[in-house]
Peer 1: 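Dumping the structure here so I can ask a few things about it.
In what follows, every heavy atom counts, from backbone to side chain, and hydrogens, waters and symmetry copies are set aside. A note on names: the letters A, B, ... follow the listed sequences, proteins ahead of strands, and every chain is numbered from 1.
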Amino acid sequence: MQIYNTLTKRKEEFKSIEPSKITMYVCGPTVYDYFHIGNARTFIMTDVIRRYFGYKGYDVTYAMNLTDVDDKIIKKSNEEGITPDDVADKFIDAFFEDIEKLKVKKANIYPKATKHMGDIIKLIKDLEDKGFAYNVDGNVFYNVKKFEGYGKLSGKNVDDLLSGARIEINNEKDNPLDFALWKKAKDGEPSWDSPWGKGRPGWHIECSAMSMKHLGETIDIHAGGNDLVFPHHENEIAQSEACTSKQFVNYWMHFGFLNIKDEKMSKSLGNFFTARDILKQYSAEVIRLFLCQTHYAGPLNFSEEGLKSTENGLKKITLLAEEVLKGLDNSEGVKPEFDFDSLYASFETAMDDDFNSSRGVAVIFDFVKAVNKVIAENENISPEFFEKAKLFLEKTAVGVFGILDFNSISISSGGSLENELVELFIKMRTDAKTEKNWALADKIRDELKEIGIELKDSKTGTTFKKI
RNA sequence: GGCGGCGUGGCCAAGUGGCUUAAGGCGAAGGUCUGCAAAACCUUUAUUCAUCGGUUCGAAUCCGAUCGCCGCCUCCA
């Protein structure tokens with residue numbers, strides 16, 4: 001399995017620290033607002049990656065942090081006149097609701113910054129003791145010059161950064177690049193006691209502290225959006241490695257941006273759609289397929305046309321899944337020649353190559369086409385064939401991508417009064433057809449469609465489904 | 001100013017030296033099936049990969065230049 005590692009800037013053979021076990025940490029949301037569909041890309045693609053590891057038989061321990069103490073939360077709490085905790089709680093709830101609607105499997109742990117103050121303070125103290133941090137009147141800064149590898153992830157060097165035009169002026173810092181580990185409390189802000197007085201943690205320290213606490217000093221994978229490479233992840237490395245003298249993360253993975261008309265979707269530009277709004281119009285499966293059709297690292301333009309075209313494509317998969325379910329009820333039939341093995345192999349080859357979901361999805365479409373061909377060419381097909389076909393879809397489309405849900409496929413089955421009534425209409429229509437009374441036959445079909453029942457004629461008779 | 005990414009058919013998107021005279025999806029056109037639909041199947045839809053040079057027996061893939069777009073360096077997934 002090959003994974004592109006931002007740290008080494010190339011694809012590398014993936015080797016976990018412990019055989020068949022993986023530790024993975026992903027930078028989650030700062031809970032001050034509903035997350036947008038660009039954030040969702042990270043949540044969904046890490047979900048796909050995590051699911052694929054599961055497919056491969058790995059036991060994954062996956063942590064996603066919730067940043068619940070932060071400038072933006074404080075700002076929001078002032079705007080709304082509620083406490084920062086209330087802001088955080090509200091959007092943590094919303095986060096879990098949205099993530100569930102997007103069919104993202106839950107992480108094993110969702111550590112919160114506010115629940116790890118002891119660990120954070122201990123880490124800062126350690127950095128101070130080791131000479132990597134200095135205290136200026138209750139503010140503690142990290143001394144970037146002390147850490148030799150600073151810039152190794154983002155490919156920057158301290159001198160280039162210093163010549164950059166947009167570095168803020170802060171007289172308290174020895175060096176403009178130094179960043180806050182601990183911020184002295186201001187009036188009305190949430191604060192915690194520490195050896196440096198009351199205050200709260202800086203932005204980057206929580207991830208170092210929580211990743212090391214829950215997953216270990218060295219972990220397999222750390223992922224996040226492209227915009228976190230610098231400074232966030234760079235600083236995490238500096239904090240963690242200065243403290244442990246061990247490699248913090250073996251594989252760094254970064255996701256490309258979701259753009260609107262070639263511009264990064266972001267809260268600050270205001271060009272964003274929240275995931276919950278998009279979910280009102282499109283299913284989780286459509287959104288997931290839309291994202292999976294592009295490799296995770298590249299940019300992806302978000303558009304209504306794109307979602308629409310994905311929705312049409314997904315229909316093909318769903319309709320085939322329906323045929324597969326129906327085929328399970330066959331009593332007997334031919335056992336067609338079908339090379340499941342080579343399809344599994346193609347799927348794995350694609351996904352083994354840095355999670356190339358775009359190719360993985362193409363394999364599913366190839367499969368759909370091949371099964372449709374089998375169905376078109378044979379009158380009766382054995383249920384065993386459909387069982388194998390269902391298993392393939394379950395492992396790939398359902399299990400890895402989450403772009404199909406057998407439970408939401410309604411196939412007509414007798415029993416209820418409603419179904420019997422529809423069957424009655426179908427019988428009447430069949431009679432009308434025999435009498436070549438096309439006007440009546442079409443009227444029945446059209447009117448049933450208006451109340452949400454779709455009829456489909458085939459050689460073997462007419463079937464219906466709710467739409 | 002520093003660093004990095006990208007430019008493939010009408011649209012989206014894989015491919016990064018020969019297996020590709022470029023996957024897959026959407027759209028479009030024709031055909032089979034059907035009373036008509038729908039679905040499905042078959043066929044067609046890039047002699048070409050921003051442009052121009054170069055390396056090579058061979059390049060969308062490597063090198064150089066040019067044009068265009070985007071990102072990071074400030075909070076951001």
Peer 1: Could you tell me how far apart A:Leu307 (CG) and B:C11 (C1') are, to the nearest whole angstrom?
Peer 2: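 Answer to the nearest Å: 14 Å.
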Peer 1: B:C33 C1' sits how many Å from A:Ile375 CD1, rounded?
Peer 2: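 Distance, rounded to whole Å: 16 Å.
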Peer 1: For A:Tyr32, does the six-membered ring have the charged nitrogen or CZ of A:Lys267 within the cation-pi criterion, i.e. under 6.0 angstrom from the centroid and within 45° of the normal?
Peer 2: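 Pair A:Lys267/A:Tyr32 counts as cation-pi.
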Peer 1: Could you say whether the aromatic ring of A:Trp438 and the base of B:G35 stack, counting only centre distances under 5.5 Å and plane angles under 30°?
Peer 2: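 Taking the rule of under 5.5 Å and under 30°, the ring of A:Trp438 does stack on B:G35.
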Peer 1: Need one value for A:Gly155: base, sugar-phosphate or nothing, where a base atom within 4.0 Å counts as base even if backbone is also close, heavy atoms only.
Peer 2: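 Sugar-phosphate only.
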Peer 1: Would you kindly give the CG-to-P distance between A:Asn259 and B:C72, to the nearest whole Å?
Peer 2: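 Nearest whole value for this atom pair: 10 Å.
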Peer 1: With side-chain contact (heavy atoms from CB on, under 4.5 Å) as the test, would you mind laying out the steps for A:Ile409 and A:Leu404 before giving the verdict?
Peer 2: CA-CA 9 Å; A:Ile409 295 174; A:Leu404 177 67; 4.2 Å; yes
Peer 1: Using the C1' atom as the point on both nucleotides, what is the distance between B:G68 and B:C52, in whole Å?
Peer 2: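 It comes out at 15 Å once rounded to the nearest Å.
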Peer 1: When you measure from the centre of the six-membered ring of A:Tyr344, is the NZ or CZ of A:Lys395 closer than 6.0 Å and no more than 45° off the axis?
Peer 2: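 Yes - A:Lys395 lies over the ring of A:Tyr344, closer than 6.0 Å to its centre and within 45° of its axis.
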Peer 1: Compare the minimum distances between each of B:C73, B:C41, B:G25 and the side chain of A:Asn372, then state the nucleotide with the smallest one.
Peer 2: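 Nearest to the side-chain atoms of A:Asn372, counting from C-beta on, is B:C41.
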Peer 1: Using a cut-off of 4.0 Å on non-hydrogen atoms, how would the nucleic acid contact of A:Asn39 be classed: base, sugar-phosphate, or nothing?
Peer 2: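 Base, at least one base atom sits under 4.0 Å.
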Peer 1: From the set B:C72, B:G35, B:C41, return the single nucleotide nearest to any side-chain atom of A:Lys373.
Peer 2: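 Looking only at side-chain atoms, A:Lys373 lies closest to B:C41.
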Peer 1: Which part of the nucleic acid, if any, lies within reach of A:Lys264 when heavy atoms closer than 4.0 Å are counted: base, sugar-phosphate only, or nothing?
Peer 2: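 Counting heavy atoms under 4.0 Å across all strands, the contact made by A:Lys264 includes a base.
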Peer 1: Which pairs, protein N/O on one side and nucleotides 14-18 of chain B N/O on the other, fall under 3.5 Å?
Peer 2:
{"residue": "B:A14", "atom": "OP1", "partner": "A:His295", "partner atom": "N", "Å": "2.8"}
{"residue": "B:A14", "atom": "O5'", "partner": "A:Ser358", "partner atom": "OG", "Å": "3.2"}
{"residue": "B:A14", "atom": "O3'", "partner": "A:Asn356", "partner atom": "ND2", "Å": "3.1"}
{"residue": "B:G15", "atom": "OP1", "partner": "A:Asn356", "partner atom": "ND2", "Å": "2.7"}

Peer 1: Quick one: do A:Tyr4 and A:Glu12 satisfy side-chain hydrogen bond (donor to acceptor under 3.5 Å, both in side chains)? Show the steps, please.
Peer 2: CA-CA 6 Å; A:Tyr4 181 86; A:Glu12 290 177 355; over 6 Å; no
Peer 1: Using the side chain to side chain donor-acceptor pair (under 3.5 Å) rule, pick out the option among A:Glu311, A:Glu304, A:Lys308 that qualifies with A:Tyr282.
Peer 2: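 Testing A:Tyr282 for a side chain to side chain donor-acceptor pair (under 3.5 Å) against A:Glu311, A:Glu304, A:Lys308 leaves exactly one candidate, A:Glu304.
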Peer 1: Donor-acceptor pairs under 3.5 angstrom involving side-chain atoms of residues 34-45 of chain A: please list them, not counting sequence neighbours.
Peer 2:
{"residue": "A:His36", "atom": "ND1", "partner": "A:Gly38", "partner atom": "N", "Å": "2.9"}
{"residue": "A:His36", "atom": "ND1", "partner": "A:Asn39", "partner atom": "N", "Å": "3.2"}
{"residue": "A:His36", "atom": "ND1", "partner": "A:Asn39", "partner atom": "OD1", "Å": "3.4"}
{"residue": "A:His36", "atom": "NE2", "partner": "A:Asn39", "partner atom": "OD1", "Å": "3.4"}
{"residue": "A:Asn39", "atom": "OD1", "partner": "A:His36", "partner atom": "N", "Å": "2.9"}
{"residue": "A:Arg41", "atom": "NH1", "partner": "A:Gly256", "partner atom": "O", "Å": "2.9"}
{"residue": "A:Arg41", "atom": "NH1", "partner": "A:Phe257", "partner atom": "O", "Å": "3.1"}
{"residue": "A:Arg41", "atom": "NH1", "partner": "A:Gly298", "partner atom": "O", "Å": "2.8"}
{"residue": "A:Arg41", "atom": "NH2", "partner": "A:His295", "partner atom": "O", "Å": "3.1"}
{"residue": "A:Arg41", "atom": "NH2", "partner": "A:Tyr296", "partner atom": "O", "Å": "3.4"}
{"residue": "A:Arg41", "atom": "NH2", "partner": "A:Gly298", "partner atom": "O", "Å": "2.9"}

Peer 1: Pick the P atom in B:A29 and in B:C69, then give their distance to the nearest Å.
Peer 2: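 Each nucleotide's P atom is 35 Å from the other's.
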Peer 1: With rounding to whole Å, what would you report as the distance between B:G15 and B:G24 at their C1' atoms?
Peer 2: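 Approximately 11 Å lies between the C1' atom of B:G15 and that of B:G24.
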Peer 1: Output the single nucleotide from B:G24, B:A77, B:G25 whose closest atom is nearest the side chain of A:Ser309.
Peer 2: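 Output: B:G25.
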Peer 1: Quick one: CG on A:Leu153 to OG1 on A:Thr6, what's the gap to the nearest 0.5 Å?
Peer 2: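 Going from CG on A:Leu153 over to OG1 on A:Thr6, the span is 6.0 Å.
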Peer 1: Among the nucleotides B:C70, B:A77, B:A13, which one has an atom lying closest to any side-chain atom of A:Leu300?
Peer 2: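 The listed nucleotide nearest to A:Leu300's side chain is B:A13.
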Peer 1: Taking only the side-chain nitrogens and oxygens of A:Lys308, find out if one of them lies under 4.0 Å from OP1 or OP2 of B:C11.
Peer 2: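 Answer is no, no contact under 4.0 Å.
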Peer 1: Given atom NE2 of A:His232 and atom C1' of B:C73, what is their separation to the nearest angstrom?
Peer 2: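 Roughly 17 Å, once rounded to whole Å.
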Peer 1: For a quick check of understanding: with a heavy-atom distance under 4.0 Å over all strands, which category does A:Arg10 fall into, base, sugar-phosphate or nothing?
Peer 2: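 Nothing: the residue A:Arg10, judged by heavy atoms under 4.0 Å, touches no strand.
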Peer 1: With respect to the phosphate group of B:G2, does any side-chain polar atom (N or O) of A:Asn157 fall under 4.0 Å of OP1 or OP2?
Peer 2: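 No, no such contact exists.
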Peer 1: Under 4.0 Å, heavy atoms only, any strand: does A:Phe43 hit a base, just the sugar-phosphate, or nothing?
Peer 2: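 No contact.
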Peer 1: Ring-plane angle category for A:His204 and A:His232, please: parallel below 30°, perpendicular beyond 60°, tilted otherwise.
Peer 2: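 Ring orientation, 0 to 90° scale: tilted.
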Peer 1: Measure the CD-CD distance between A:Glu234 and A:Gln239 for me, rounded to the nearest 0.5 Å.
Peer 2: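 Separation between the atoms: 11.0 Å.
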Peer 1: Among the candidates B:C26, B:A77, B:G35, find the nucleotide nearest to the side-chain atoms of A:Asn312.
Peer 2: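 Looking only at side-chain atoms, A:Asn312 lies closest to B:C26.
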Peer 1: For RNA chain B, please output the secondary structure as dot-bracket, reading 5' to 3'. Pairs are Watson-Crick or G-U wobble, both atom distances under 3.5 Å; mark crossing pairs with [ ], other-strand partners with |, unpaired with a dot.
Peer 2: ((((((((.[[[..)..(.....]]]((((((.......))))))....[[[[[..)....]]]]])))))))....
Peer 1: What's the gap between B:G17 and B:A60 when it is taken at their C1' atoms, as a whole Å value?
Peer 2: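 Their C1' atoms lie roughly 10 Å apart.
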Peer 1: Using heavy atoms to find the nearest nucleotide of RNA chain B for A:Phe230 and A:Asp366 separately, return the residue whose nucleotide is more 5′.
Peer 2: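 The residue mapped nearer the 5' terminus is A:Asp366.
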Peer 1: Answer with base, sugar-phosphate or nothing: what part of the nucleic acid does A:Leu269 contact at a heavy-atom distance below 4.0 Å?
Peer 2: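 No contact at all - A:Leu269 keeps every heavy atom at 4.0 Å or more from the nucleic acid.
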Peer 1: With a 3.5 Å cut-off and heavy atoms only, can you find an N or O donor on one side and an acceptor on the other between the side chain of A:Asp457 and the base of B:C36?
Peer 2: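 Side chain to base: pair found, below 3.5 Å.
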Peer 1: My understanding is that only one of A:Phe230, A:Phe147, A:Tyr142 makes a ring pair (Phe, Tyr, Trp, His ring centres under 6.0 Å) with A:Phe179; could you say which?
Peer 2: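 Exactly one option meets the ring pair (Phe, Tyr, Trp, His ring centres under 6.0 Å) with A:Phe179, and it is A:Tyr142.
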Peer 1: Closer than 3.5 angstrom, by distance alone: can the side chain of A:Thr67 be matched with the main-chain N or O of A:Thr30 as a donor-acceptor pair?
Peer 2: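 Checked: no pair found.
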Peer 1: Once you round to the nearest 0.5 Å, how far does CD of A:Glu423 lie from OG1 of A:Thr462?
Peer 2: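 Going from the CD atom of A:Glu423 to the OG1 atom of A:Thr462 covers 9.5 Å.
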Peer 1: Locate the shortest heavy-atom distance separating A:Ala185 from A:Ser191; write the atom from each residue and the value.
Peer 2: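 In this case the closest contact between A:Ala185 and A:Ser191 is CB-CB, 3.6 Å.
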Peer 1: Please measure how far the C1' atom in B:G10 lies from the corresponding atom in B:U34, and state the result in whole Å.
Peer 2: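 Roughly 31 Å separates the two C1' atoms.
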Peer 1: Given B:C26, is OP1 or OP2 found less than 4.0 Å from the side-chain N or O atoms of A:Lys316?
Peer 2: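 Checking B:C26 against A:Lys316, a side-chain N or O does come within under 4.0 Å of OP1 or OP2.
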Peer 1: With rounding to whole Å, what would you report as the distance between B:C6 and B:U16 at their C1' atoms?
Peer 2: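 Per the computed distance, 14 Å lies between those C1' atoms.
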Peer 1: Quick check on RNA chain B: between A:Ala362 and A:Asn226, whose nearest nucleotide comes earlier from the 5' end?
Peer 2: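 By nearest-heavy-atom nucleotide position, the 5'-most residue is A:Ala362.
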Peer 1: In whole Å, what separates the P atom of B:C42 from that of B:G5?
Peer 2: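 The same atom, P, in both gives a distance of 41 Å.
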Peer 1: Whether A:Lys456 contacts B:U34 is assessed here as follows: a side-chain N or O lying under 4.0 Å from the phosphate OP1 or OP2. Is that the case?
Peer 2: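 Indeed not, no polar side-chain atom of A:Lys456 lies that close.
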Peer 1: For the C1' atoms, the ones on B:A46 and on B:A22, what distance do you get once it is rounded to whole angstrom?
Peer 2: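 Between the two C1' atoms, the distance is 8 Å.
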Peer 1: Give one of base, sugar-phosphate or nothing for A:Phe255, where a contact means two heavy atoms less than 4.0 Å apart.
Peer 2: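 Since no nucleic acid heavy atom lies under 4.0 Å of A:Phe255, the category is nothing.
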Peer 1: Using only modelled atom types and a 3.5 angstrom limit, is any donor from either the side chain of A:Asp442 or the base of B:G35 paired with an acceptor on the other?
Peer 2: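 Per atom types, the contact qualifies.
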Peer 1: Separation of A:Asp70 atom CG from B:C75 atom P, in whole Å?
Peer 2: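 That distance rounds to 11 Å.
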Peer 1: So if I take every side-chain heavy atom of A:Ala376 and compare against B:A40, B:A23, B:G35, which nucleotide ends up nearest?
Peer 2: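 Closest nucleotide to the A:Ala376 side chain: B:A40.
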